[in-house]
A.B. asks: 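Structure provided below as structure tokens; questions to follow.
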Amino acid sequence: SLLVEIFSVNDLYTGIHIMEDFTIKHSPLGGNGLFATKTFPKNTVLMRLDGIKLTRKEAFDMPGNNGDNLLQIGKDLYLDFTGKSHLFINHSCAPNSFVKVYVNTGFLMSAIPIQKDDEILIDYSLTSLETNNEWNMNCNCGVYGCRKVISGYDSLTDDKKARYKELGMIQDFILKG
């Protein structure tokens, strides 16, 4: 029910960690990344993902926007991360975090226990309904089973989708298609 969801969101806000819990530094994946400065247990809210909320049309009609600073949080809703620390959250085919959306607000959650100095990594495919023709990027994460090229949710194998669903890592708008 809506009341339960509102209480859940309030619980999320009280558990949010501050930027002092993270640092931005060089990533072995290339460029910069977001790293934990303390440990976090599994299923912990790491941060609220701020940004300007845009419709799909607004997001992709912005001059010079190639989608790099965007996070899809609804079927037709995106966050523009420009200028935000969470812009430095990199992709991995074996992520330790994921995005959960409640009432059009994105939260970064730990999928597994995160240790001090771990880089915060998400699977970008869990944040996009785009097809391979609309958006894709090369992956250099180097983990066992690296997909080499990533795209939206539909690009994942059925086994990977089932595993992510079992772990509760898939956003509702993606499950509903």
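When reading the values below, keep in mind they use all heavy atoms of this one structure, side chains included, and skip hydrogens, waters and symmetry mates.
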A.B. asks: Please check if the side chain of S110 supplies one atom and the backbone of P113 the other of a donor-acceptor pair under 3.5 Å.
C.D. replies: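 Looks like no, no N/O pair under 3.5 Å.
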
A.B. asks: Is there a side-chain contact between R48 and T105 in this structure, where contact means two heavy atoms from C-beta onward sitting under 4.5 Å apart?
C.D. replies: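 Yes, their side chains come closer than 4.5 Å.
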
A.B. asks: Could you state the interatomic distance from OG1 (T157) to CZ (R163), rounded to the nearest 0.5 Å?
C.D. replies: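 Separation between the atoms: 12.5 Å.
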
A.B. asks: side-chain contact (heavy atoms from CB on, under 4.5 Å), that's the test. Do L34 and M47 meet it? Break it down for me.
C.D. replies: CA-CA 12 Å; L34 187 69; M47 67 175 62; 3.6 Å; yes

A.B. asks: Do I89 and L71 come within less than 4.5 Å of each other through their side chains, counting heavy atoms only?
C.D. replies: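 No. Closest side-chain heavy atoms not under 4.5 Å.
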
A.B. asks: Test your reading of the model: is there a side-chain donor-acceptor pair from S128 to the backbone of E130, 3.5 Å cut-off?
C.D. replies: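 Answer holds: yes.
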
A.B. asks: Using modelled atom types and a 3.5 Å cut-off, is there a donor and acceptor pairing between side-chain atoms of H91 and backbone atoms of C141?
C.D. replies: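 No; judged by distance alone, with no hydrogens or angles, the pair does not exist.
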
A.B. asks: Any donor and acceptor pair, going by atom type alone, linking the side chain of T37 with main-chain N or O of E20 inside 3.5 Å?
C.D. replies: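 Indeed, once roles are kept as given, a pair shorter than 3.5 Å links the two residues.
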
A.B. asks: How long is the straight-line distance from NZ of K100 back to CE of M109, given to the nearest 0.5 Å?
C.D. replies: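 Reported to 0.5 Å precision, the distance equals 8.0 Å.
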
A.B. asks: Short question: side chain of K165, backbone of L175 - any donor-acceptor pair under 3.5 Å?
C.D. replies: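 It does not hold such a pair.
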
A.B. asks: Calculate, to the nearest 0.5 Å, the distance between atoms CG and CD1 belonging to D172 and I73 respectively.
C.D. replies: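 The CD1 atom of I73 is 12.5 Å from CG of D172, to the nearest 0.5 Å.
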
A.B. asks: I'd like to know if the side chain of K53 and the backbone of N104 have a donor-acceptor N/O pair within less than 3.5 Å.
C.D. replies: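 Yes.
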
A.B. asks: Determine whether a donor-acceptor pair (N or O, by modelled atom type, separation under 3.5 Å) exists between the side chain of N96 and the backbone of E119.
C.D. replies: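 Between the backbone of E119 and the side chain of N96 there is a qualifying donor-acceptor contact (under 3.5 Å).
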
A.B. asks: Does the pair V143 and S92 meet the rule for a side-chain contact (heavy atoms from CB on, under 4.5 Å), with working shown?
C.D. replies: CA-CA 8 Å; V143 300; S92 174; 4.0 Å; yes

A.B. asks: Measure across N32 and F88 and return the closest heavy-atom pair with its distance rounded to 0.1 Å.
C.D. replies: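 Minimum heavy-atom separation between N32 and F88: CB-CD2, 3.7 Å.
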
A.B. asks: Is there a side-chain contact between F40 and D21, using heavy atoms and a 4.5 Å cut-off?
C.D. replies: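 Counting from C-beta outward, F40 and D21 do come under 4.5 Å.
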
A.B. asks: Got a second to check how far L129's CG is from W135's CH2, nearest 0.5 Å?
C.D. replies: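 Rounded to the nearest 0.5 Å, the CG-CH2 separation comes out at 11.5 Å.
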
A.B. asks: Determine whether the aromatic ring centres of residues Y153 and Y124 are separated by less than 6.0 angstrom.
C.D. replies: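 Centroid separation for Y124 and Y153: 6.0 Å or greater.
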
A.B. asks: Go through the steps to decide whether K42 and T44 satisfy the test side-chain contact (heavy atoms from CB on, under 4.5 Å), and finish with yes or no.
C.D. replies: CA-CA 6 Å; K42 178 180 177 179; T44 298; over 6 Å; no

A.B. asks: Is I122 close to L108 at the side-chain level, that is, under 4.5 Å between some pair of heavy atoms?
C.D. replies: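 Counting from C-beta outward, L108 and I122 do come under 4.5 Å.
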
A.B. asks: Using every non-hydrogen atom in the two residues, find where C139 and C93 come nearest and quote the distance to one decimal.
C.D. replies: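 Closest pair (atom of C139, atom of C93, distance): SG-SG, 3.7 Å.
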
A.B. asks: Any donor-acceptor pair under 3.5 Å linking the side-chain atoms of Q72 with those of T127?
C.D. replies: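 T127 vs Q72: no donor-acceptor pair found between side chains.
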
A.B. asks: Roughly how far, to the nearest 0.5 Å, is the CD1 atom of I174 from the CE atom of M169?
C.D. replies: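 Rounded to the nearest 0.5 Å, the CE-CD1 separation comes out at 11.5 Å.
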
A.B. asks: Taking atom types as modelled, is there a side-chain donor on R147 or S125 under 3.5 Å from an acceptor on the other?
C.D. replies: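 Yes - a donor-acceptor pair under 3.5 Å links their side chains.
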
A.B. asks: Answer yes or no: is there a side-chain heavy-atom contact under 4.5 Å between Y164 and L126?
C.D. replies: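 A side-chain contact under 4.5 Å exists here.
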
A.B. asks: Once you round to the nearest 0.5 Å, how far does CZ of F81 lie from CG of L49?
C.D. replies: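 That separation rounds to 4.5 Å.
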
A.B. asks: Is a side-chain N or O of D118 found less than 3.5 angstrom from the main chain of I114, in a donor-acceptor match?
C.D. replies: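 No.
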
A.B. asks: Can you see whether D76 engages T55 through a side-chain donor-acceptor pair at a distance of less than 3.5 angstrom?
C.D. replies: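 No, T55 and D76 have no side-chain donor paired with an acceptor closer than 3.5 Å.
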
A.B. asks: So does T131 get a backbone contact from the side chain of S151, meaning a donor-acceptor N/O pair under 3.5 Å?
C.D. replies: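 Confirmed, S151 side chain pairs with T131 backbone.
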
A.B. asks: Which atom pair, heavy atoms only, marks the closest approach of N90 to G30?
C.D. replies: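 What the structure gives for the nearest pair is ND2-O, 4.4 Å.
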
A.B. asks: Is there side-chain contact between D80 and L70, with heavy atoms separated by less than 4.5 Å?
C.D. replies: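 The answer is yes, as the side chains (C-beta and beyond) meet within the 4.5 Å cut-off.
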
A.B. asks: Assess K25 against F35: is NZ or CZ under 6.0 Å from the centre of the six-membered ring, and within 45 degrees of the ring's axis?
C.D. replies: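 Yes, a cation-pi geometry.
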
A.B. asks: Would you say that more than 12 heavy atoms from the other residues, nucleotides or ligands in this model lie under 6.0 Å from the CD1 of I52, or not?
C.D. replies: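 Result for CD1/I52: open.
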
A.B. asks: Y78 and F60: aromatic ring centres closer than 6.0 Å?
C.D. replies: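 Yes, the ring of Y78 comes within the 6.0 Å limit of the ring of F60, centre to centre.
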
A.B. asks: Is there a side-chain contact (heavy atoms from CB on, under 4.5 Å) between S155 and I150? Walk through the geometry before answering.
C.D. replies: CA-CA 7 Å; S155 70; I150 59 167; 5.6 Å; no

